[in-house]
Amino acid sequence: MRLQGKVSIITGGASGIGHATALKFAQEGAIVAVCDLNQEAIDADAVVNEIKAAGGEAVGYVVNVTNKAQIADMVGDLKTRFGRIDVLVNNAGIVQDAQLLKMTDDQFDKVIDINLRGVYNCARAVVDTMVAQGSGVILNASSVVGVYGNFGQTNYAATKFGVIGFVKTWAKELGKKGIRANAVCPGFVATPILKSMPEKVIQAMEEKVPMKRMADPKEIASVYAFLASDDASYINGAAIEVTGGLTL
Ligand SMILES: NC(=O)c1ccc[n+]([C@@H]2O[C@H](COP(=O)([O-])OP(=O)(O)OC[C@H]3O[C@@H](n4cnc5c(N)ncnc54)[C@H](O)[C@@H]3O)[C@@H](O)[C@H]2O)c1
């Protein structure tokens with residue numbers, strides 16, 4: 001098991017890629033902190049129970065990544081229980097799509113707050129602990145949209161490009177302190193985040209992928225698990241595209 005005993009925070013861990021990543025990390029032996037917005041809507045505890053039922057170790061936290069007090073409470077609790085934080089997967093993210101011509105400030109601000117500032121908030125909250133340990137891994141959810149842009153996604157593309165900037169900077173600042181930082185750039189993945197996208201657009205996207213299908217969330221989770229593990233010990237500051245060849 002590649003992540004045996006690694007205390008790993010997965011933000012947005014109750015749905016889609018975060019859910020699959022929480023399960024994968026637990027299978028690899030990690031102690032998983034599953035955090036998400038609220039228990040009624042998403043129920044991070046359901047994921048925790050799923051992990052425990054399969055023999056893994058997990059703790060659930062209601063954490064909004066825009067809320068620094070909630071993040072600090074989670075980090076404090078994890079340190080009290082386990083004494084360390086080994087991996088942060090900054091997975092939580094949203095879309096609020098509109099063309100530039102129609103985008104509202106509210107749509108812009110919401111996406112920046114969660115997808116960009118939320119990533120900063122969580123990394124800022126764990127970095128001291130990782131530096132003191134002399135080890136740690138920070139992984140950010142970017143997107144193919146952060147590399148190439150996308151129609152109707154001014155706000156989202158900016159955040160996904162931004163989190164690549166974060167990992168390149170953190171790789172330079174923190175590499176000598178034993179911390180690696182990388183981003184994952186999925187293409188299109190079959191998760192609830194795509195529910196606002198018309199079926200016709202999804203079909204057109206699938207058609208563009210040489211493999212003629214979207215990714216399963218498990219296919220992204222396995223990349224996070226690899227990057228979190230010592231198998232990726234010399235990968236630092238990278239933005240790894242996982243697109244089935246979409247951009248070729
Ligand atoms: N699905 C795709 O095609 C795709 C492609 C590229 C990148 N991504 C990125 O992968 C990540 C996960 O996406 P997904 O498709 O699994 O989405 P999803 O909507 O299924 O899951 C996102 C989770 O994040 C949580 N979340 C939202 N705002 C939050 C906040 N403020 N604080 C804490 N949690 C919050 C949601 O409650 C949800 O559980 C996102 O960052 C997304 O941008 C997804």
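Please read all numbers here as calculations on a predicted model, not as lab measurements. Atoms within a ligand are numbered from 1 in the order they appear, just like the ligands themselves.
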Practice task
Would you indicate which of Val189, Ile71, Val242 comes nearest to atom 2 (C) of ligand 1 when only heavy atoms are counted?
Solution key: Val189

Problem - Salt-bridge criterion met for Asp77 and Lys79 (N-O under 4.0 Å) - result: no

Completion exercise
Candidates Asn38, Asn67, Asp36, Val111; heavy atom nearest atom 37 (O) of ligand 1 found on Asp36

Practice task
Rounded to the nearest 0.5 Å, what's the gap from CD1 on Ile235 to OG on Ser229? Could you check?
Solution key: 8.5 Å

Practice task
Taking all heavy atoms of Asn182 and all of Gly237, pick out the closest pair and write down the distance.
Solution key: OD1-N, 3.0 Å

Handout entry: Distance-only side-chain donor-acceptor flag, Thr104 / Asp106, under 3.5 Å
Key = no

Handout entry: Residues Ser222 and Lys24: side-chain donor-acceptor under 3.5 angstrom
Key = no

Practice task
Please check if any side-chain donor atom of Gln153 sits under 3.5 Å from a side-chain acceptor atom of Asp97, or the reverse.
Solution key: yes

Exercise for the section: Considering the heavy atoms of Val63, write down every atom of ligand 1 situated less than 4.0 Å from one of them. Expected result: 32 (N), 33 (C)

Handout entry: Subset of ligand 1 atoms that lie under 4.0 Å from at least one heavy atom of Ser142
Key = 6 (C), 7 (C)

Exercise for the section: Taking Asn115 for its side chain and Thr159 for its backbone only, find out whether a donor-acceptor pair lies under 3.5 Å. Expected result: no

Exercise for the section: Kindly indicate, with the supporting measurements, whether the criterion salt bridge (charged side-chain N to carboxylate O under 4.0 Å, His left out) is fulfilled by Arg2 and Asp230. Expected result: CA-CA 7 Å; Arg2 292 182 300 177; Asp230 287 345; over 6 Å; no

Practice task
Would you mind listing which atoms of ligand 1 come within a distance below 4.0 Å of any non-hydrogen atom of Tyr156?
Solution key: 6 (C), 7 (C), 8 (N), 9 (C), 42 (C), 43 (O)

Practice task
State the atoms of ligand 1, each with its element, that fall below the 4.0 Å cut-off from a heavy-atom position in Pro186.
Solution key: 5 (C), 6 (C), 7 (C)

Practice task
Indicate, as side chain, backbone, both or neither, the part of Thr191 found under 4.0 angstrom from ligand 1 when only non-hydrogen atoms are considered.
Solution key: side chain

Handout entry: Residue Phe188 vicinity, atoms of ligand 1 by number, heavy atom under 4.0 Å
Key = 3 (O)

Problem - Shortest reach to atom 44 (C) of ligand 1 by a heavy atom, considering only Thr11, Ile17, Val144 - result: Ile17

Exercise for the section: State the atoms of ligand 1, each with its element, that fall below the 4.0 Å cut-off from a heavy-atom position in Pro192. Expected result: 20 (O)

Exercise for the section: Give yes if a backbone or side-chain nitrogen or oxygen of Asn64 is under 3.5 Å from a nitrogen or oxygen of ligand 1, and no if not. Expected result: yes

Problem - Sub-4.0 Å heavy-atom approach of Pro217 to ligand 1 - result: no

Listed pairs under 3.5 Å, donor-acceptor, residues 202-210 side chains, sequence neighbours left out:
from, atom 1, to, atom 2, distance (Å)
Glu207, OE2, Lys212, NZ, 3.2

Handout entry: Contacts of Lys68 that satisfy salt bridge (charged side-chain N to carboxylate O under 4.0 Å, His left out) - sequence neighbours left out
Key = none

Exercise for the section: Within a distance under 4.0 Å of any heavy atom of Ala92, pick out the atoms of ligand 1 and give their elements. Expected result: 24 (O), 33 (C), 34 (N), 35 (C), 41 (O)

Practice task
Run the contact test for Gly118 against ligand 1 with a 4.0 Å cut-off on heavy atoms, strictly below, and give the result.
Solution key: no

Completion exercise
Within the 4.0 Å heavy-atom cut-off, what Lys160 brings close to ligand 1 is side chain

Exercise for the section: For Ala33 and Tyr61, work out which heavy atoms get closest and say how close. Expected result: CB-CE1, 3.9 Å

Practice task
May I ask you to identify, for Ile114, whether its side chain, its backbone, both or neither come under 4.0 Å of ligand 1 on a heavy-atom basis?
Solution key: side chain

Fill in the blank from the handout: To atom 18 (P) of ligand 1, the nearest of Ser15, Ala215, Gly93 on a heavy-atom basis is Ser15

Practice task
Could you tell me whether some N/O pair between Asn91 and ligand 1 is separated by less than 3.5 angstrom?
Solution key: yes

Problem - Which of the ligand 1 atoms, numbered from 1, are nearer than 4.0 Å to a heavy atom of Ala141 - result: 41 (O)

Problem - Per-residue contact class, Ile94 against ligand 1 - non-hydrogen pairs under 4.0 Å - result: side chain

Exercise for the section: Keeping the roles fixed (side chain from Gln70, backbone from Asn64), state whether a donor-acceptor pair exists under 3.5 Å. Expected result: yes

Exercise for the section: For Gly187 and ligand 1, answer yes if some heavy atom of the residue is under 4.0 Å from a ligand atom, otherwise no. Expected result: yes

Practice task
Output the distance between atom CZ (Arg180) and atom CG (Leu139), rounded to the nearest 0.5 Å.
Solution key: 7.5 Å

